[in-house]
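Worksheet: the structure to be examined is printed underneath.
Residue numbers start at 1 and run along the sequence shown.
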Amino acid sequence: MQKIGVFVCWCGSNIAATVDVEAVSQALAQEPGVVFSTNYQYMCSQTGQDLIRDKIKEYGLTGVVVCSCSPRMHENTFRKTCEKAGLNPYMVEIANIREQCSWIHKDKAEATEKAIILGRAAIAKVQLNAPLQAGTSPVKKRALVIGGGIAGIQTALDIADAGFQVDIVEKKPTIGGKMTQIDKTFPTLDCAACILTPKMVDCAQNENIHIYAYSEVEAVKGFVGNFKVTIRKKARFVDTTKCTGCGLCTEKCPQKKVPNEFNLGLDNRRAIYIPFAQAVPKVATIDPDYCNMLKNGKCGVCAKVCGANAIDYKQQDELIEEEYGAIVAATGFNPIDLSKFNEFGYSQSPDVVSSLEFERLMNAAGPTGGTLLRPSDGKHPHTIVFVQCVGSRCDGGEKGKPYCSKICCMYTAKHAMLCREKYPDTDVYVFYIDVRTPGKNFDEFYRRAVEEYGVHYIKGMVGKVVPENGKLKVQASDLLDNRQLHIDADMVVLAAAIEPDKSARPLATMLTASMDTNDFFTEAHPKLRPVESPTAGIFLSGACQGPKDIPETVAQAGAAASKVIGLLSKDHLLCNPCTAQPDEMMCNGCSSCEKVCPYGAITYIDKEFRGPNRTTLLRRVAQVNPAVCQGCGACTVACMSGAMDLKGFSNRQIMAEVDAICK
């Protein structure tokens with residue numbers, strides 16, 4: 001029989017306000033095997049931890065149950081406390097009486113009864129617990145950053161500066177991400193390219209960084225410290241080791257009418273192209289969807305004019321396999337599809353543009369050379385209407401997103417200020433629901449737009465935009481003056497909501513990382529572990545985890561890098577001892593467990609068994625590699641013969657908890 005100690009935490013008023021903690025500790029003291037039971041205001045405090053250590057030694061406790069908050073919060077804290085007192089850390093069980101009890105109940109008697117039941121279940125489990133010992137596994141001292149935007153670049157630079165090897169995988173032909181398309185940054189209005197391009201060059205020149213541009217992650221296997229990743233390096237049909245980036249091929253290519261995705265389709269490029277002047281790596285790429293030579297074998301002009309002989313029409317995709325100790329997801333964001341918003345006329349008029357398209361029209365390296373011209377006729381617009389929250393903060397439906405996109409208020413203020421500064425004859429109207437400016441100096445920036453630049457901010461929503469006789473008829477409401485407005489605009493700019501990149505969901509599946517309902521990566525804990533995924537060894541950087549501006553993205557990139565550096569600095573990691581364990585006598589060799597294992601920890605071997613009349617039988621049975629197994633439990637569910645069990649969470653232990661709850 002175990003000697004169990006029960007420690008009930010008040011968690012200040014978080015638990016004690018709804019649960020009678022004294023009644024819980026008294027009731028659990030009557031359970032079989034419990035030799036000590038008490039309650040304390042803050043069990044996770046130094047005094048609370050000292051109390052646990054003292055009672056372990058005083059009563060010779062062989063098991064501990066802590067009734068407190070979620071094990072995600074403090075399970076590791078209490079395990080370390082018990083380990084210091086000489087108790088095996090896996091003889092500790094947490095009964096979650098905060099999130100699963102006090103926070104969701106209002107009736108104190110009901111909450112108290114449920115807390116007793118949860119504590120009783122934990123006691124039943126710890127009765128069957130056995131001491132477990134964690135093994136070790138080596139750490140591959142190399143990191144992978146998936147995504148080459150400002151988040152991925154900053155993360156890679158920080159890791160590389162600490163002396164570790166880093167690979168950046170970017171699906172576009174160049175690193176840089178969305179920031180390469182931006183003209184100025186708020187709230188300082190400094191040049192985005194002047195900030196970003198030196199960092200891009202630093203990445204290319206850093207001996208610890210290798211860039212896989214125009215590449216995608218194909219598969220991820222393994223576990224923290226030992227990930228095995230397959231990278232598909234897509235065929236550029238240009239030898240990157242020979243190409244000098246001179247651009248002659250891009251000038252001579254006869255196929256001129258390819259929509260330029262860098263300028264969001266506002267102009268055209270050639271079938272062979274370099275995305276922009278400061279691209280890294282600065283090498284040409286042939287678009288196979290438009291190249292006449294690749295489609296029908298008729299052309300070859302680029303190969304004829306290339307003095308470096310870099311053109312290779314027979315180039316194939318290349319699969320590269322690498323090992324990494326840590327992986328950082330930095331997949332970024334995209335604006336939502338505005339074609340669904342017919343009320344704003346985005347699909348009916350070229351003069352209704354997204355904010356990112358407007359950014360390109362204002363950019364000196366954009367399709368109009370920095371001169372603001374209407375896409376329809378190339379004339380200067382004199383009245384511009386900005387519409388905020390297009391697709392953001394939508395209550396429901398498939399058109400928009402329920403969350404605030406966070407950056408729209410500030411970049412709209414920036415666009416309005418730049419318009420008024422460069423073209424003082426332009427009337428600028430901004431229709432908004434709320435103006436949200438929470439960052440440092442952000443509110444002052446917005447006030448400058450109103451007070452110094454004379455931008456007309458109107459609280460209300462635009463109901464309809466109708467193209468008519470070369471104008472955009474804007475129908476809107478002014479909620480403060482309680483009136484309807486009709487504005488004849490030359491251009492309408494829609495502040496589109498942002499969403500995670502489409503690659504995020506399949507990547508999360510490969511990484512076995514968690515995502516929320518909006519396809520943003522979920523952090524392990526929003527306050528204590530904001531840049532870590534619940535999956536060990538996977539870290540989050542930038543807007544893949546939620547909407548962020550550039551300063552916040554860079555800060556999170558540095559935080560993710562510091563976590564990676566801390567991981568890679570270790571020679572060995574402690575393995576999870578709660579691993580799968582097959583019963584060879586029950587295993588029928590069906591392979592169900594092997595098929596569902598996301599870590600590839602299960603293999604099969606032929607093993608000899610003694611049969612009747614001392615005959616030798618050869619049977620196929622499952623074998624688990626404990627260094628690879630992460631204890632997810634998928635195999636125990638899939639095993640039809642019940643041969644697979646999980647240390648620390650065996651079927652017997654789980655059923656004991658169920659019995660304790662039901663009695």
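Shown here for Ala497 and Ser405, the closest heavy-atom pair between the two residues is CA-OG, 3.3 Å.
In this structure, Ser650 contributes its side chain and Lys647 its backbone to no donor-acceptor pair below 3.5 Å. At least one donor-acceptor pair under 3.5 Å links the side chain of Thr174 to the backbone N or O of Val280.
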Query - From CA spacing to verdict: side-chain contact (heavy atoms from CB on, under 4.5 Å), Glu499, Asn518 - result: CA-CA 8 Å; Glu499 63 183 1; Asn518 297 306; over 6 Å; no

Report task. Output, in order, the C-alpha distance, side-chain angles, deciding distance and verdict of salt bridge (charged side-chain N to carboxylate O under 4.0 Å, His left out) for Glu216 and Lys234. Result -> CA-CA 8 Å; Glu216 293 184 17; Lys234 294 184 285 186; 3.4 Å; yes

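Annotation: salt bridge (Lys or Arg N to Asp or Glu O under 4.0 Å) contacts involving residues 568-581, sequence neighbours excluded, comprise Lys141-Asp571. Contacts classified as salt bridge (Lys or Arg N to Asp or Glu O under 4.0 Å) and involving residues 543-555 (residues at least two apart or in different chains) are given here: Lys406-Glu552.
For Glu218, the side-chain contact (heavy atoms from CB on, under 4.5 Å) partners are Thr230, Arg232, Leu319, not counting sequence neighbours. Residues forming a side-chain hydrogen bond (donor to acceptor under 3.5 Å, both in side chains) with Lys199 (at least two apart in sequence, or on another chain): Gln154. Shown here are the side-chain hydrogen bond (donor to acceptor under 3.5 Å, both in side chains) partners of Thr197, two or more places apart in sequence or in another chain: there are none.
Ring geometry, Phe276 versus Phe262: the interplanar angle falls under 30°, so the pair is classed parallel (tilted spans 30 to 60°).
Pro89 is not listed as a side-chain neighbour of Phe78, based on a closest heavy-atom distance of 4.5 Å or more.
Residue Gln46 qualifies as enclosed at atom CD: its count of foreign heavy atoms under 6.0 Å is above 12. Applying the 6.0 Å contact sphere to NZ of Lys178 captures more than 12 heavy atoms from other residues, nucleotides or ligands. Residue Glu99 qualifies as enclosed at atom CD: its count of foreign heavy atoms under 6.0 Å is above 12.
Between Asp287 and Arg269, at least one side-chain N (NZ, or NE/NH1/NH2) sits under 4.0 Å from a carboxylate O, which counts as a salt bridge.
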For residues 204-212, please give each side-chain donor-acceptor pair under 3.5 Å, one per line with the distance, not counting sequence neighbours.
{"from": "Asn206", "atom 1": "OD1", "to": "Asn208", "atom 2": "N", "distance (Å)": "2.8"}
{"from": "Asn208", "atom 1": "OD1", "to": "Gln165", "atom 2": "NE2", "distance (Å)": "2.9"}
{"from": "Asn208", "atom 1": "ND2", "to": "Ala160", "atom 2": "O", "distance (Å)": "3.1"}

